[in-house]
Amino acid sequence: MTSEIIDTKDLKNDPVFGQLSFDNHEQIVFCNDEDTGLKAIIGIHNTTLGPALGGTRMWQYKSEWEALNDVLRLSRGMTYKSAVTGLNLGGGKAVIIGDAKTQKNDALMRKFGEFVNSLSGKYITAEDVGMETRDMDVIREVTPHVTGVSEAIGGSGNPSPVTAYGVYMGMKAAAKYKFGTDNLDGKKVLVQGVGHVGETLVKHITDEGAQVILNDINEARLEELSKKYGAKVVLGNDIFGLDLDIYAPCALGATLNDESIAQLKAKVIAGAANNQLANELKHGMMLKERGIAYAPDFLINAGGIINVYAEVEGYDKAESLKRTENIYNTTLEIFNLSEKENITTHQAAFNIAQARIDARKKEQNS
């Protein structure tokens, strides 16, 4: 198993099995359609606990290798996200290569839905970067194996608010562990990335009295939210040396690396971004050695999948929020396990998830 984020130039020539991000994935599906221009990859990492549920990301990747690497890492992360959260789901993810603003249309979505349907429920898709609830509604026209559809047609709707609530719960638990109280009043919190999830998180912590600092590549968005929530704004990438209590990465992954960790003054890291550690082993240990409390991303950003899982299991919004609120308790459990066994919080969360998968596999083989 490897977790290092690698550059495209470092990818091996072997198409799939030789990639560093390949981790015994069960199935990789390459989807191509000449008429619509669809080029997509579906990654199914593990289905021991149930069907592989994970969102579809539409992104203008620099190369097909980059897209493959992304879907391999993301689908693996979904396996452990569902397992550590106690859901009966496996891990899967999909990526569509293209610009969501200029190349996405209903025909493309339907064709992608047909590929999803061809897997007969082994993979269930949902919303991710570059996708919206409406896109899920279009995909639903050709396959039942999609979640996150509009509430008007019986779905759970946009998962972003529930994702943000889970991150908020994880942040409060990390603050409790590090500062002795989960009260965020007066805490200096940097939220990097203020999309749908980031903004909802900003609202939660602002309402609790946190001193919020915003960072994003979209300056117009920063200006809008700064006025709306009374938050400060910091532009550019020179953010890690700021005087902070909490750093909340809510944009792209791999922001925790050799350079950024060396500069960090924050004592807590709790955010919504996937794959925040550029290298899970190395950078998880660097944070531990520096005494920085890291709330594992694949745990605290699980609110979204808890929300869409409601469509699979048939529970309501109240139950979704109740299950998401339990992220607080699981996060504290992981911090305590990390301390007890002298391992990183990432490893502690991974161990809990892997133990659940191994137990289920043992049951199936007995």
Determine yes or no for a side-chain-to-main-chain donor-acceptor pair under 3.5 angstrom, with [X] supplying the side chain and [Y] the backbone.
| X | Y | value |
| --- | --- | --- |
| Gln60 | Asp99 | yes |
| Asp216 | Leu222 | no |
| Lys81 | Phe298 | no |
| Asn46 | Gly91 | no |
| Gln276 | Gly271 | yes |
| Arg76 | Asp23 | no |

How long is the span from the [atom1] atom in [X] to the [atom2] atom in [Y], to the nearest 0.5 Å?
| X | Y | atom1 | atom2 | result |
| --- | --- | --- | --- | --- |
| Thr345 | Leu299 | OG1 | CG | 10.0 Å |
| Lys265 | Asp245 | NZ | CG | 12.5 Å |
| Gln192 | Ile213 | CD | CD1 | 12.5 Å |
| Met136 | Ser156 | CE | OG | 11.0 Å |
| Glu141 | Asp106 | CD | CG | 7.0 Å |
| Thr36 | Lys111 | OG1 | NZ | 6.5 Å |

With side chains defined as the heavy atoms from C-beta onward, is the minimum distance between [X] and [Y] less than 4.5 Å?
| X | Y | value |
| --- | --- | --- |
| Val212 | Tyr229 | no |
| Ile246 | Leu184 | yes |
| Leu49 | Leu87 | no |
| Asp137 | Ile153 | yes |
| Tyr294 | His283 | no |
| Leu256 | Leu264 | yes |
| Lys187 | Glu208 | no |
| Tyr123 | Thr47 | no |

Within a reach of under 6.0 Å around [atom1] of [X], are more than 12 heavy atoms found that belong to other residues, nucleotides or ligands?
| X | atom1 | value |
| --- | --- | --- |
| Gln364 | CD | yes |
| Leu235 | CG | yes |
| Lys122 | NZ | yes |
| Glu319 | CD | yes |
| Arg134 | CZ | no |
| Glu64 | CD | no |
| Asn237 | CG | no |

Group every Ile, Leu, Val, Met, Phe, Trp and Tyr by side-chain heavy-atom contacts under 4.5 Å, then state whether [X] and [Y] land in the same group.
| X | Y | result |
| --- | --- | --- |
| Leu89 | Val146 | no |
| Ile269 | Val197 | no |
| Ile300 | Leu321 | yes |
| Met169 | Ile305 | yes |
| Leu277 | Leu74 | no |

Any salt bridge linking [X] with [Y]? Criterion: basic side-chain nitrogen under 4.0 Å from a carboxylate oxygen.
| X | Y | answer |
| --- | --- | --- |
| Lys322 | Asp316 | no |
| Lys362 | Asp358 | no |
| Asp128 | Lys93 | yes |
| Glu199 | Arg221 | yes |

| Of Asn32, Asp70, Val71, Val29, the residue whose pairing with Ile41 passes side chain to side chain contact (heavy atoms under 4.5 Å, CB included) |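 Of the listed options, the one satisfying the test is Val71.
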Donor-acceptor pairs under 3.5 Å, side chain of residues 332-340 to any protein atom, not counting sequence neighbours: which ones?
unit_1	atom_1	unit_2	atom_2	d
Asn336	ND2	Leu332	O	3.2
Ser338	OG	Ile343	O	2.4
Glu339	OE1	Tyr177	OH	2.7

| message | Walk me through whether Leu119 and Gln27 qualify under side-chain contact (heavy atoms from CB on, under 4.5 Å). | response | CA-CA 10 Å; Leu119 294 169; Gln27 190 173 2; 3.7 Å; yes
Do [X] and [Y] get their side chains close enough for a donor-acceptor pair, meaning under 3.5 Å?
| X | Y | result |
| --- | --- | --- |
| Ser260 | Thr255 | no |
| Thr85 | Tyr309 | no |
| Asn88 | Arg360 | yes |

| said: For His346 and Phe350, take the angle between the two ring planes, folded into 0 to 90°, and tell me which bin it lands in: parallel under 30, tilted 30 to 60, perpendicular over 60. | reply: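 Parallel.
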| said: Classify the ring geometry of Tyr168 against His204: parallel below 30°, tilted from 30° to 60°, perpendicular beyond 60°. | reply: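 The rings of Tyr168 and His204 lie parallel, inter-plane angle below 30°.
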| said: Given the ring of Tyr315, does Arg323 sit roughly above its face, with NZ or CZ under 6.0 Å from the centre of the six-membered ring and within 45° of the axis? | reply: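 Satisfied, under 6.0 Å and within 45°.
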| query | Any idea which heavy atoms bring Ser226 and Ala231 closest together, and the distance? | reply |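 Minimum heavy-atom contact is OG-O, 2.7 Å.
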| request: Apply the test side-chain contact (heavy atoms from CB on, under 4.5 Å) to residues Thr147 and Val312: give CA-CA distance (whole Å), side-chain angles for both, the deciding distance (0.1 Å), then the verdict. | output: CA-CA 8 Å; Thr147 57; Val312 178; 4.1 Å; yes
| query | Which of these, Arg110, Arg57, Lys104, Arg140, sits in a salt bridge (Lys or Arg N to Asp or Glu O under 4.0 Å) with Asp135? | reply |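 Considering Arg110, Arg57, Lys104, Arg140, a salt bridge (Lys or Arg N to Asp or Glu O under 4.0 Å) with Asp135 is found only for Lys104.
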